[in-house]
J.: 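Have a look at this one.
Naming convention: chains lettered A, B, ... in sequence-line order (proteins, then strands); numbering from 1 in each chain.
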Amino acid sequence: MTLQLFNTLSTQVEALTPADGKAVTLYACGPTVYDYGHIGNFRTFVHVDLLRRFLEQQGVPVKHVMNITDVDDKIIRNAAAQGVSIADYTPRYEKAFLDDLRALGCLSPVIMPHATENIPEMVALIQKLEQRGLAYRTEDGSWYFRINGDPEYGKLSKKDLSGNTAGARVDVDEYEKDSASDFAMWKAAKPGEHAWDTALGHGRPGWHIECSAMAMKFLGETLDLHAGGEDLMFPHHENEIAQSESATGKPFARHWMHVRFLLVEGRKMSKSDGNFFTLRDLLLRGYKASAIRFLLLSVPYRHQLNFTFDGLAESHSAVDRLRTFRQRIEHGPWPAGENAELAAQSREAANAFTAALANDLNTAEARAAIFDLVRHANTAADHGKLQQANVQPILHALTLFDQVFNVIEDHDTEIAREALAWAEHEGKLTKESANLQASLELSDADIDKLIAERTQAKKSRNFARADAIRNDLAAKGILLEDSKDGVRWKRK
RNA sequence: GGCGCGGUACCCAAGUGGUAAGGGAGAGGUCUGCAAAACCUUUAUGCGUGAGUUCGAUUCUCACCCGCGCCUCCA
């Protein structure tokens with residue numbers, strides 16, 4: 001099924017197709033690695049991951065490129081403050097970011113170019129623009145893009161900057177610009193700053209030129225899809241379009257996708273408001289990576305998501321329901337034969353799931369389709385009407401779901417352990433992480449042993465002992481479920 | 001000020017010109033040694049407010065109220 005996706009450029013929902021008929025070329029703006037990623041960042045990355053997974057599930061390969069911005073003003077500032085070079089400063093944050101992506105179940109982009117490794121391409125692009133009269137050098141040695149030379153400027157963000165005159169909001173350092181809206185493609189180095197010696201002079205690339213150069217280097221002059229957070233639409237993506245299209249004369253990206261911001265407790269996240277959370281903050285408080293991913297995905301990408309701790313608890317319960325359900329279906333035992341009605345419901349669920357995602361990635365509707373099936377199958381099972389031939393279609397629907405949402409398969413314990421190990425190493429253990437630590441103290445083998453002991457106690461009708469074991473485990477966040485076919489357990 | 005988005009049950013949330021998906025939470029019940037899980041019943045004659053169009057509007061139009069985001073640090 002072809003994905004219909006809203007295109008910011010046309011403001012229409014349009015089919016997303018590969019221009020070459022084979023693979024979709026996707027460029028997603030990546031992180032500036034100057035600090036740990038926050039959950040707002042990850043809402044965007046998780047939705048891009050879902051898009052990619054869905055396309056691949058539909059048989060469309062995705063050539064997914066994500067840049068790593070490893071030189072910019074903040075990096076230079078922070079590195080200088082610590083007295084280290086930028087090359088010594090950025091790797092820890094890059095690693096942290098990639099670990100976080102993995103923790104959230106995101107596929108790794110196919111190519112992850114670094115800004116500092118593609119300087120020649122950026123220089124060449126600026127030179128090309130200079131030849132076309134769209135780049136100019138100011139007295140301090142910086143290079144700017146001439147907006148007035150691009151009649152289409154503003155077409156993505158629907159802004160008309162033609163009325164802008166020099167003087168409004170001009171940085172004191174940038175008084176030499178022809179127009180207030182002209183933006184830097186190359187920044188002359190100030191004394192002591194990390195810089196490259198190039199034909200443009202001694203300096204470093206601007207943020208926008210980096211993405212233009214790397215996107216075109218790795219994916220060609222016209223991309224199928226360019227994605228990022230809504231804030232990047234202007235000026236970042238607008239500037240990327242201006243630079244790229246002015247240089248090539250071709251459309252830079254056929255399709256643009258922008259993920260709306262996440263709010264926290266109804267407000268934009270900000271450090272000063274005290275509602276700023278990194279992924280690590282949440283993991284150390286004991287929230288599961290799967291619950292976080294599911295919450296981030298539960299509200300479709302074009303709507304604001306209000307991130308709350310109540311919502312996180314809710315997502316945890318919802319993921320738990322799916323996991324419990326899959327276990328139940330897999331374990332059986334089920335009588336021979338097939339319940340035709342349930343088989344039909346399974347097919348409907350799979351179809352509805354795919355149709356919902358194909359409709360501009362309606363994740364809320366897609367998850368509803370799967371929960372419908374959960375209820376139908378549980379009901380059938382309780383009435384002895386779930387039969388062996390029903391198992392495969394149900395699992396098929398769950399597999400479709402999890403290939404995209406990626407939350408049923410459980411990696412939460414190992415991710416929590418990694419987060420704890422990191423916090424310990426960095427000296428960032430807190431009171432809340434102590435609770436998490438306690439709950440991870442018992443190994444799976446320890447738990448199985450205690451469960452065996454409890455089963456013995458139950459057999460000899462020593463319920464006091466059995467309940468004591470169950471209560472002790474519960475205190476450590478281990479929940480037991482007795483069933484006809486044995487004991488299941490899970491970490492809370 | 002300019003541009004844009006949203007207001008659906010206790011909470012989150014989908015949706016359609018024809019009479020309200022799904023999840024979570026609560027209450028009662030079934031099952032269980034007791035729990036848990038699961039199931040059953042239950043929680044919006046109602047979709048911000050007021051008009052209008054229509055045989056019919058939550059869904060279209062207009063006005064108003066409220067909330068949020070973007071407007072060159074920002075996912």
J.: If you go through the side-chain atoms of A:E314, does one of them form a donor-acceptor pair with the base of B:rG23 closer than 3.5 Å?
T.: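 Result: at least one qualifying N/O pair found.
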J.: Answer with base, sugar-phosphate or nothing: what part of the nucleic acid does A:W207 contact at a heavy-atom distance below 4.0 Å?
T.: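 Sugar-phosphate: the residue A:W207, judged by heavy atoms under 4.0 Å, touches backbone atoms but no base.
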J.: Between B:rA37, B:rU72, B:rA14, spot the one nearest the side chain of A:P300, thanks.
T.: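 Among B:rA37, B:rU72, B:rA14, the one nearest the side chain of A:P300 is B:rA14.
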J.: Could you state the CD-P distance from A:Q345 to B:rA21, rounded to the nearest angstrom?
T.: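 The answer, rounded to whole Å, is 16 Å.
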J.: Check whether the side chain of A:K268 and the base of B:rC74 form a donor-acceptor pair under 3.5 Å.
T.: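 By the distance-only test, yes, there is a pair.
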J.: Rounded to the Å, how far apart are A:N239 CG and B:rC74 P?
T.: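 After rounding, the gap between these two atoms is 11 Å.
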J.: Consider the side chain of A:E365, meaning its heavy atoms from C-beta on, and name the nucleotide among B:rA75, B:rA37, B:rG15 that approaches it most closely.
T.: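 Ranking B:rA75, B:rA37, B:rG15 by closest atom to the A:E365 side chain puts B:rG15 first.
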J.: Using atom CZ of A:R454 as one end and atom C1' of B:rU32 as the other, report the distance to the nearest whole Å.
T.: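 Rounding to the nearest Å, CZ of A:R454 and C1' of B:rU32 are 11 Å apart.
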J.: Are the side chain of A:R491 and the backbone of A:D412 linked by a donor-acceptor contact shorter than 3.5 Å?
T.: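 Such a contact is absent between A:R491 side chain and A:D412 backbone.
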J.: Which of these nucleotides, B:rC34, B:rU72, B:rC74, is closest to any side-chain atom of A:D482?
T.: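 Per side-chain heavy atoms of A:D482, the pick is B:rC34.
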J.: Rounded to whole angstroms, how far apart are CZ on A:F294 and P on B:rC12?
T.: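 In whole Å, B:rC12 P and A:F294 CZ are 17 Å from each other.
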J.: Which is it for A:S483 and A:R328 under the side-chain hydrogen bond (donor to acceptor under 3.5 Å, both in side chains) test, yes or no, and what are the steps along the way?
T.: CA-CA 10 Å; A:S483 78; A:R328 179 181 197 187; over 6 Å; no
J.: Side chain of A:F261 only, please: which of B:rA75, B:rA14, B:rC12 is the nearest?
T.: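 Among B:rA75, B:rA14, B:rC12, the one nearest the side chain of A:F261 is B:rA75.
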J.: If you check the A:R488 side chain, which of B:rC74, B:rA37, B:rA21 turns out closest?
T.: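 Closest nucleotide among those given: B:rA37.
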J.: Should A:R285 and A:D281 count as an ion pair when the cut-off is N to O under 4.0 Å?
T.: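 No salt bridge links A:R285 with A:D281.
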J.: Contact class for A:H258 vs. all strands (heavy atom < 4.0 Å): base, sugar-phosphate, or nothing?
T.: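 No contact at all - A:H258 keeps every heavy atom at 4.0 Å or more from the nucleic acid.
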J.: To the nearest 0.5 angstrom, please state how far the CG atom of A:D446 sits from the NZ atom of A:K449.
T.: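 That separation rounds to 6.5 Å.
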J.: When the P atoms of B:rC10 and B:rU45 are considered, how many whole Å apart are they?
T.: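 About 9 Å, rounded to a whole number of Å.
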J.: Closer than 4.0 angstrom, basic N to acidic O: yes or no for A:D140 and A:K190?
T.: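 Looking at A:D140 and A:K190, the cut-off is not met.
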J.: Please classify the nucleic acid contact of A:G40 as base, sugar-phosphate, or nothing, using heavy-atom distances under 4.0 Å.
T.: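 If one applies the 4.0 Å heavy-atom cut-off, A:G40 turns out to touch a base.
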J.: Which part of the nucleic acid does A:G266 contact within heavy-atom distance under 4.0 Å: base, sugar-phosphate only, or nothing?
T.: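 Here A:G266 touches the backbone only, sparing every base.
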J.: Is A:N378 touching bases, backbone alone, or none of the nucleic acid, heavy atoms closer than 4.0 Å?
T.: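 Contact class for A:N378: sugar-phosphate only.
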J.: I'd like to know if A:D467 reaches the base of B:rG33 with its side chain such that a donor and an acceptor end up less than 3.5 angstrom apart.
T.: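 Yes, a donor-acceptor pair under 3.5 Å.
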J.: For a quick check of understanding: with a heavy-atom distance under 4.0 Å over all strands, which category does A:K74 fall into, base, sugar-phosphate or nothing?
T.: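 The residue A:K74 makes sugar-phosphate contact but no base contact.
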J.: Roughly how many Å apart are B:rA57 and B:rG18, using the C1' atom of each and rounding to a whole number?
T.: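 Pairwise C1' distance, B:rG18 against B:rA57, rounds to 9 Å.
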J.: Do A:Y287 and A:F309 make the cut of ring centroids closer than 6.0 angstrom?
T.: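 Yes.
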J.: In this structure, how many angstroms lie between the P atom of B:rA38 and the NE2 atom of A:H376, rounded?
T.: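 Distance, rounded to whole Å: 16 Å.
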J.: For the ring pair (Phe, Tyr, Trp, His ring centres under 6.0 Å) test, which of A:W143, A:F145, A:Y144 pairs with A:F183?
T.: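 Checked A:W143, A:F145, A:Y144 against A:F183; only one passes ring pair (Phe, Tyr, Trp, His ring centres under 6.0 Å): A:F145.
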J.: Taking atom types as they are modelled, would you say the side chain of A:R375 forms a donor-acceptor pair with the base of B:rC39 within the 3.5 Å cutoff?
T.: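 Flag unset: no donor-acceptor pair detected.
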J.: Rounded to whole Å, please give me the gap between NZ in A:K158 and C1' in B:rC3.
T.: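 My rounded result for the distance is 11 Å.
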J.: Could you work out the separation of B:rA20 and B:rG2 based on their C1' atoms and round it to a whole Å?
T.: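 Each nucleotide's C1' atom is 37 Å from the other's.
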J.: Taking A:H38's backbone N and O only, do any of them form a donor-acceptor pair with A:N41's side chain (distance below 3.5 Å, no angle check)?
T.: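 Such a contact is found between A:N41 side chain and A:H38 backbone.
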J.: By nearest heavy atom, map A:L479 and A:S157 onto RNA chain B; which one lands nearer the 5' end?
T.: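 First, find each residue's nearest nucleotide; the 5'-ward one identifies A:S157.
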J.: At under 4.0 Å between heavy atoms, what does A:N362 touch on the DNA or RNA strands: base, sugar-phosphate, or nothing?
T.: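 It contacts sugar-phosphate atoms only.
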J.: Taking the six-membered ring for Trp and the full ring for Phe, Tyr or His, determine whether the centres of A:F97 and A:F45 are under 6.0 Å apart.
T.: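 Here the rings of A:F45 and A:F97 have centres that are less than 6.0 Å from each other.
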J.: What distance, rounded to whole Å, do you find between the two C1' atoms, one in B:rG15 and one in B:rG23?
T.: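 That atom pair is separated by 15 Å.
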J.: A:L263 near the nucleic acid: base, sugar-phosphate alone, or nothing, with a heavy-atom cut-off under 4.0 Å?
T.: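 Here A:L263 touches the backbone only, sparing every base.
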J.: Write down the distance between CG (A:D372) and P (B:rC39), rounded to a whole number of angstrom.
T.: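 So the two atoms are 12 Å apart, to the nearest Å.
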J.: Taking the C1' atom of each, how far is B:rC60 from B:rG69, in whole Å?
T.: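 To the nearest whole Å, 26 Å.
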J.: When you measure from the side-chain N and O atoms of A:S317 to the phosphate of B:rA25, is any distance below 4.0 Å, counting only OP1 and OP2?
T.: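 Answer yes for this pair, as a side-chain N or O of A:S317 is under 4.0 Å from OP1 or OP2.
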J.: If the C1' atom of B:rG50 is compared with that of B:rC65, how far apart are they to the nearest Å?
T.: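 Between the two C1' atoms, the distance is 10 Å.
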J.: Using a heavy-atom cut-off of 4.0 Å across all strands, would you classify A:F463 as base, sugar-phosphate, or nothing?
T.: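 Base contact.
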J.: Students often get this wrong, so: under 4.0 angstrom with heavy atoms, is A:L262 touching a base, only sugar-phosphate, or nothing?
T.: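 It contacts base atoms.
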J.: Which heavy atom of A:H237 sits nearest a heavy atom of A:C29, and at what distance?
T.: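 Reported closest heavy-atom pair: NE2-SG, 3.3 Å.
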J.: Give each stem of RNA chain B as a range with a range, requiring at least 3 consecutive Watson-Crick or G-U wobble pairs whose two distances are under 3.5 Å.
T.: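 Consecutive-pair runs (3 or more) involving RNA chain B: B:1-7 with B:65-71, B:10-12 with B:22-24, B:25-30 with B:38-43, B:48-52 with B:60-64.
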J.: Under 4.0 Å, heavy atoms only, any strand: does A:R470 hit a base, just the sugar-phosphate, or nothing?
T.: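 If one applies the 4.0 Å heavy-atom cut-off, A:R470 turns out to touch a base.
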J.: Would you indicate, yes or no, if B:rG23 has its OP1 or OP2 atom less than 4.0 angstrom from a side-chain nitrogen or oxygen of A:R321?
T.: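 For B:rG23, OP1 or OP2 has a side-chain N or O of A:R321 closer than 4.0 Å.
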J.: When you compare B:rC62 with B:rA21, how far apart are their C1' atoms, in angstrom units rounded to a whole number?
T.: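 Here B:rC62 and B:rA21 have their C1' atoms 30 Å from each other.
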J.: Report the distance from atom CG of A:D310 to atom P of B:rG26, rounded to the nearest whole Å.
T.: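 In whole Å, B:rG26 P lies 12 Å from A:D310 CG.
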J.: Where the side chain of A:A368 is concerned, which of B:rA21, B:rG24, B:rA37 is the nearest nucleotide?
T.: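 The closest nucleotide is B:rA21.
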J.: Map A:K458 and A:E481 onto RNA chain B by nearest heavy atom, then report which one ends up closer to the 5' terminus.
T.: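 The 5'-side residue here is A:K458.
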J.: Any ion pair linking A:K458 and A:D482 (charged N to carboxylate O, less than 4.0 Å)?
T.: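 Salt bridge flag = yes for A:K458 with A:D482.
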J.: Using the P atom as the point on both nucleotides, what is the distance between B:rG29 and B:rU61, in whole Å?
T.: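 The same atom, P, in both gives a distance of 49 Å.
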J.: Test ring pair (Phe, Tyr, Trp, His ring centres under 6.0 Å) on A:Y93 and A:Y36 and set out the steps.
T.: CA-CA 6 Å; A:Y93 295 108; A:Y36 296 106; 5.0 Å; yes
J.: I want to verify a distance call: between B:rA75, B:rU72, B:rA25, whose nearest atom is closest to the A:L232 side chain?
T.: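 For A:L232, the side-chain atoms sit closest to B:rA75.
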J.: Would you please confirm or rule out a distance under 4.0 Å between OP1 or OP2 of B:rC40 and any side-chain N or O of A:T379?
T.: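 Answer is yes, contact under 4.0 Å.
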J.: For A:R260, which contact category applies under a 4.0 Å heavy-atom criterion: base, sugar-phosphate, or nothing?
T.: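 The residue A:R260 makes base contact.
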